[in-house]
Amino acid sequence: MSSIEEIQQQPWDYLVVGTGVGGATLGHALAKAGRKVLFLEKGRVPFLHVDTLQGAYPEMHFPRVDVPTAARHASFLAQAGRCHDEFLDGLRSFIPFIGCGAGGSSALYGMAMERFFPADFEPQQHFPNSSGSSLPHAWPIRYADLVPYYQRAEKLYRVRGQYDPLRPQAPDLLPPPSLSPRNAELYSHFQGQGLHPYQLPQACEFVPGCECCQGYLCAKNCKNDAGRICLEPAVRDLGAAVLDECEVIQLEATSDRVTGVVCRWQGRTVTLRGDQVILAAGALMTPGLLLRSTSVHWPQGLANASGLVGRNLMRHYVDLYLVFTRARGENRLKELGLSDFYQFQGNKLGTLQSFGLLPPAPVLAATMAKDVCDAAPWATPLFRLAQPLLRLLLTRLFKRGVLLAAIMEDLPYADNRVVPGSPPRIDYRIHLHDQTRLKVFRTRVAKALKPYRFLALHQAEKNSMLAHVCGTCRFGEDPENSVLDPFNRAHGIQNLYVVDSSFFPSSGGTNPALTIAANALRVAEHLLTPGGLISDKPNTQTHQPRSMPMTETTSRIQRHSLLRMTLHTEISIDASPKQIWGVLTDFPGYQFWNQSIPHAEGEAKAGTLLRVVIQWPGLKSSPYELEILDALPERELRWLGHFGKTGLMDGDHRFVLEPTVEGRTKVIQSEYFSGLLVPFFAPWLKKNVLSGFEQMNVALKNRVESATPAQCRDTP
Ligand SMILES: Cc1cc2nc3c(=O)[nH]c(=O)nc-3n(C[C@H](O)[C@H](O)[C@H](O)COP(=O)(O)OP(=O)(O)OC[C@H]3O[C@@H](n4cnc5c(N)ncnc54)[C@H](O)[C@@H]3O)c2cc1C
């Protein structure tokens with residue numbers, strides 16, 4: 001990583017605040033399209049540190065995590081990707097169990113990746129008696145609008161699972177592992193009751209020994225979270241950068257643009273600038289950041305002309321059921337889903353699904369101690385004495401059963417909100433309408449579980465349960481009733497988008513992560529299209545080289561500003577990255593296949609010079625000296641060239657190799673041009689140089705696919 005001064009001077013297209021599902025998914029899509037993306041993350045990014053705590057709850061390293069001692073434990077929590085900020089719920093202080101670090105909460109999540117139902121996008125009609133709530137009649141987008149992005153998100157996060165028979169469409173998911181005996185028993189039980197169980201979609205690789213790792217960082221590269229799936233490849237392969245342990249404290253803005261992002265980083269206050277700012281600090285933190293960003297233009301807080309920033313907080317009502325099955329064995333994985341009660345006899349409730357494992361007994365006992373201490377401080381010493389016995393009991397109990405979670409949709413109310421302060425506060429109460437629904441849901445779930453013995457662990461009333469927090473900057477058409485427009489841009493601000501779960505106008509009745517990811521991909525596409533900011537349309541027809549009938553190359557031109565432009569091309573090659581890397585780095589061999597660079601001398605080694613002759617179609621050939629910036633075997637070859645003096649027109653050229661699930665490799669060839677001459681050379685770049693890239697892609701494909709193994713030199 002360059003120095004902070006260099007980072008400050010770079011012309012970032014996008015500053016992305018927060019690397020949770022919303023921020024990392026969007027940033028990854030933008031970086032993949034050739035944009036210059038800088039992620040700013042308050043927590044730690046594990047691939048930049050060696051002392052990450054993973055594979056277990058960090059509480060196992062210290063006895064208690066109550067607030068008076070939180071400061072002492074803050075560094076443990078930070079090392080484990082956990083939030084360590086204190087919040088108030090009334091007078092009671094607590095530390096929300098959410099993520100803070102690469103991947104945000106998804107680094108801790110249980111990986112259930114469920115789509116919302118079509119009914120979730122037209123919520124009001126399903127709650128006829130919900131007067132007092134601020135449920136909108138409809139989301140500004142329909143289910144059908146999100147379907148293509150759901151599909152992409154399911155692919156990106158490598159979701160495995162089974163078709164839920166109560167849904168309108170069967171998603172194309174990877175196959176899940178077979179059910180464990182206990183869950184197979186419950187599956188048959190539900191079927192016997194005329195219900196419709198299915199294997200829960202999960203973004204998990206299920207490597208041998210997979211523990212699901214809900215609540216802590218996975219140590220086995222098995223959890224497909226936003227850090228692993230999006231942030232890491234964006235930084236490692238796609239030219240994005242990340243500053244971690246960098247807390248954004250304020251946004252500077254004029255009446256219609258964000259002009260600076262003020263951060264606290266390594267004890268310094270630094271201001272960063274980018275063309276567009278993407279806020280994705282999570283539905284609990286994003287409102288505070290906006291409300292703190294007051295100015296003469298935004299006296300109530302940035303983007304808060306509606307007064308709705310921070311309001312309509314939702315969090316889902318989650319109850320747990322420990323079910324004692326006859327079968328024994330595995331009980332740690334999430335395996336089952338059931339949406340029979342999503343819409344049930346005129347009530348829209350939620351979903352029942354496996355929960356996986358509870359935290360270990362010492363952690364649970366510590367949490368209970370905190371509850372006891374808050375509710376009846378006089379009982380604390382007694383409770384402490386009883387703790388060893390309690391731990392033993394809990395351990396035995398949880399071994400014997402399988403846990404299910406009943407997740408119920410909570411409705412938005414303007415008075416449920418997050419209020420900034422030191423510490424910040426949440427005001428949340430369960431309104432009567434939802435209390436009634438909760439009773440109905442509890443009765444239904446209990447009936448569905450009979451005749452099993454089970455223990456109902458009612459958690460829904462706990463306001464500190466904020467894992468599914470959402471709704472605090474809702475999107476909508478009307479600036480008076482929403483904070484964001486239908487493409488998640490803050491009303492009235494040209495270059496500020498919010499893509500974490502704050503944008504939800506209603507909470508739906510199931511897990512939120514897939515909807516956050518799908519929406520981020522939708523917003524990315526908007527940003528990359530002419531109606532959004534810049535052109536990203538595949539223009540294969542205009543630029544297909546006429547003489548090559550068998551091309552599958554696609555291309556696009558992205559105009560970032562007058563002085564900056566990216567040419568982006570892709571081709572799919574039926575070969576491994578290793579084979580392609582062999583041909584791409586065999587520079588003397590270019591003379592046999594590469595018409596665009598018929599001569600190249602040098603080594604594929606970062607920091608060295610490559611001497612080439614370049615011959616773009618329709619232009620004169622010229623010699624250049626290119627500096628190799630990156631040569632990551634089988635992943636990326638990158639060089640920098642200059643037309644004339646540095647700064648007149650510089651070209652940052654990349655080949656990125658991405659293996660696909662079909663066993664092919666996607667080759668992305670792109671070049672980012674910047675400098676004073678770009679506006680003058682733009683017509684040639686768009687026409688001749690772009691068709692040179694396409695010609696080179698096709699020639700590379702032909703060369704690799706027709707090569708004998710000897711021609712495809714293996715890398716060491
Ligand atoms: C234990 C647990 C289990 C869960 N299980 C599931 C599940 O199985 N399925 C599901 O769909 N959902 C699940 N969830 C919820 C899901 O993980 C979240 O809804 C989702 O990850 C939220 O993504 P986000 O982008 O909105 O924000 P977040 O994940 O909250 O990410 C926000 C990021 O911004 C960073 N940040 C905050 N403030 C600042 C700042 N000032 N400056 C810079 N960076 C900042 C944070 O550190 C964080 O990394 C679970 C959550 C938890 C905690």
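All ligand and atom numbering here is 1-based and tracks the order in the structure. We number each residue from 1, following the sequence as shown.
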Quick test: of every protein heavy atom, which one is nearest to [atom], and how far off is it to 0.1 Å?
atom: atom 6 (C) of ligand 1; result: Tyr109 CB, 3.5 Å
atom: atom 30 (O) of ligand 1; result: Gly282 CA, 3.6 Å
atom: atom 28 (P) of ligand 1; result: Ser105 N, 3.9 Å
atom: atom 43 (C) of ligand 1; result: Lys42 N, 3.3 Å
atom: atom 1 (C) of ligand 1; result: Leu108 O, 3.7 Å
atom: atom 52 (C) of ligand 1; result: Ala467 CB, 3.6 Å
atom: atom 5 (N) of ligand 1; result: Gly110 N, 2.9 Å
atom: atom 25 (O) of ligand 1; result: Gly22 N, 2.8 Å

| field | Neighbour count above 12 (heavy atom, 6.0 Å) for Arg92 CZ | value | yes
| For Asp51, does the CG atom have more than 12 heavy-atom neighbours from other residues, nucleotides or ligands under 6.0 Å away? | yes
[X]: numbered ligand 1 atoms lying under 4.0 Å from its heavy atoms:
X: Val248; answer: 40 (C), 41 (N), 42 (N), 43 (C)
X: Cys100; answer: 47 (O)
X: Gly20; answer: 25 (O), 29 (O), 31 (O), 33 (C)
X: Gly101; answer: 47 (O), 49 (O)
X: Ile516; answer: 19 (O), 20 (C), 22 (C), 23 (O), 26 (O)
X: Glu247; answer: 41 (N), 42 (N)
X: Ala280; answer: 32 (C), 33 (C), 34 (O)
X: Ala513; answer: 10 (C), 11 (O), 12 (N)

| said: Check for me whether Arg315 meets the cation-pi criterion with Tyr428, that is, NZ or CZ under 6.0 Å from the six-membered ring centre and within 45 degrees of the ring axis. | reply: yes
| Within 45° cone and under 6.0 Å: Arg474 NZ/CZ vs Phe504 ring | no
Select one of side chain, backbone, both or neither to describe which atoms of [X] lie under 4.0 Å from any atom of ligand 1, heavy atoms only.
X: Lys334; result: side chain
X: Ala283; result: neither
X: Met113; result: neither
X: Cys246; result: backbone
X: Leu40; result: backbone

Residues [X] and [Y] bridged, charged N to O under 4.0 Å:
X: Lys220; Y: Glu205; value: no
X: Glu330; Y: Arg182; value: no
X: Arg228; Y: Glu232; value: no
X: Arg152; Y: Glu154; value: no
X: Asp85; Y: Lys42; value: yes
X: Arg167; Y: Glu114; value: yes

Has ligand 1 got any nitrogen or oxygen that is less than 3.5 angstrom from a nitrogen or oxygen of [X]?
X: Ser501; value: yes
X: Phe97; value: no
X: Val499; value: no
X: Ala112; value: yes
X: Glu41; value: yes
X: Val17; value: no
X: Leu289; value: no
X: Leu514; value: no

Will you find, in the side chains of [X] and [Y], an N or O donor that is under 3.5 Å from an N or O acceptor?
X: Asp244; Y: His49; value: yes
X: Asn511; Y: Gln353; value: yes
X: Tyr342; Y: Asp120; value: yes

| query | When you measure from atom 19 (O) of ligand 1 to each heavy atom in Ala520, Ser354, Pro512, which option holds the nearest one? | reply | Pro512
| field | Winner among Gly18, Pro359, Ala281 once heavy atoms are compared against atom 38 (N) of ligand 1 | value | Ala281
| message | Out of the candidates Arg82, Gln54, Glu211, only one should pair with Tyr216 under the side-chain hydrogen bond (donor to acceptor under 3.5 Å, both in side chains) rule; please name it. | response | Glu211
| Do any heavy atoms of Gly288 fall under 4.0 Å from ligand 1? | no
